[in-house]
Amino acid sequence: MVRLLRPLLRGATYTRLLHLWVPVLAVSVWMFIDMSTPWVPALVLVPVGLIPAVRLGEGVQARLLLTPGASDPGIAAAAAATWRDRARTVLWLETRMALGAVTALVTVWLPSLSYELAVAAAGSAGRDIPVLRDLAPHWAYALLVPLPLVLLYAAVVALGELVTFLARVLLGPSAAERLAALEERTDQLLERTRIARELHDSIGHALTVAVVQAGAARAAGSAEFTERALTAIEETGRTALEDLERVLGVLREADRPVSARPTLTDADRLLESARRSGAKVDAEVTGPLDRVPGPVSREGYRILQEALTNVLRHSGAVPARVRIGVADELLALEVRNALGAADAPNAGRGSGLRGIHERAALLGGHAWTGPDAGDWQVRVELPLR
């Protein structure tokens, strides 16, 4: 019983009723002008529905009144872009007017019927409804008074559900609009994935350097080494804070240029940070890094950062070889370090390595990670075009 009465407490029930009443207002105005041609408003709706902006107005109105508060109403709020959209708009306007006429009849005659039954039960003859005029007054009619009101309630709810269903069918997004919405959603997910990788690479690198430096300083027991370690932790932390502020700026939709992100021309900063952490980094750079396209250079920087972070995190202060080369429309990046027995069980399990492969794939390149001749190897090839 409570479930059947639940629509009475929903605001959508009443906003849908208002939506159904709106077309009747226009018809009522015309009926005051000429009652002999009630079909004229329906005829006028045909050229009106062919106007592209009408679909936008109907969509906005349907969203507000038929699906208030819905996160995905299934109703487009955009101007008609094709003749198919215009034809659907015309059909929607005609359907809406027909349902509005039915709603007007229901909401007028059913309450009137309850009133006339109450009058007949009170001992007076019916006046407005022909069927009740010939019936003798009787108290038993009082038992029938609630019936038209129940029918009114059922009809209002059913008509509201019907007009909402038809709105989703006739005003729903077209195939092109669904494709555009899917592409926008995909772009948002890709941007979120990129931001997650940015935070993982930048903050993970800073924390790894800080942990390695702090552990080494405690083990060394040297004031001079501790001073160098604290300096490295401070500089790495400051860089991580800058990256974090930039990423948060993107999340706040701040107007930050993409070029503000670090590129491979800033690779010396990563190499020096790894050296200060105790790793012996042998770096070799060939080719013009400044001519590498921005997207490739930025992703290459993050790949190098993650590779060096893995060296410090899993192998510690060990010798590492870094090779960065630009030649033949290809950026080649390789990081190798000695692979100890303790590293083998965890090889290839980190999310950072998965991020390296994802970055390379997004740019049409390839990545290889894993043991190679006693070393751990991260090798990436990215096309420059």
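Taking all atoms of both residues into account, the shortest heavy-atom contact from Ala77 to Val60 is CB-CG2, 4.1 Å.
Val285 and Val335 fall within the same hydrophobic cluster, where Ile, Leu, Val, Met, Phe, Trp and Tyr residues are linked whenever their side-chain heavy atoms come under 4.5 Å apart, directly or through other members. Transitive grouping of hydrophobic side chains (ILVMFWY, heavy atoms separated by less than 4.5 Å) keeps Leu64 and Val54 in distinct clusters. Under the 4.5 Å side-chain heavy-atom criterion for Ile, Leu, Val, Met, Phe, Trp and Tyr, Val163 and Val102 are members of the same hydrophobic cluster. Linking ILVMFWY side-chain heavy atoms closer than 4.5 Å, directly or via other members, places Leu93 and Leu50 in two distinct hydrophobic clusters.
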- Begin from the C-alpha positions of Arg336 and Glu334 and carry the test salt bridge (charged side-chain N to carboxylate O under 4.0 Å, His left out) through to its verdict. CA-CA 7 Å; Arg336 300 177 69 95; Glu334 183 182 33; 3.3 Å; yes

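Using a cutoff of 4.0 Å between basic side-chain nitrogens and carboxylate oxygens, Arg321 and Asp282 are not scored as salt-bridged. Taking a cutoff of 4.0 Å between a charged side-chain nitrogen and a carboxylate oxygen, Asp85 and Arg88 qualify as a salt bridge. A salt bridge links Glu161 and Arg16; the closest N-O separation between the charged side-chain nitrogens and carboxylate oxygens is under 4.0 Å. A salt bridge does not link Arg168 with Asp72: none of the charged nitrogens is closer than 4.0 Å to a carboxylate oxygen. Using a 4.0 Å cut-off between charged nitrogen and carboxylate oxygen, Arg379 and Asp372 do not count as a salt-bridge pair.
The environment of CZ in Arg10 is crowded: more than 12 heavy-atom neighbours from other residues, nucleotides or ligands sit within 6.0 Å.
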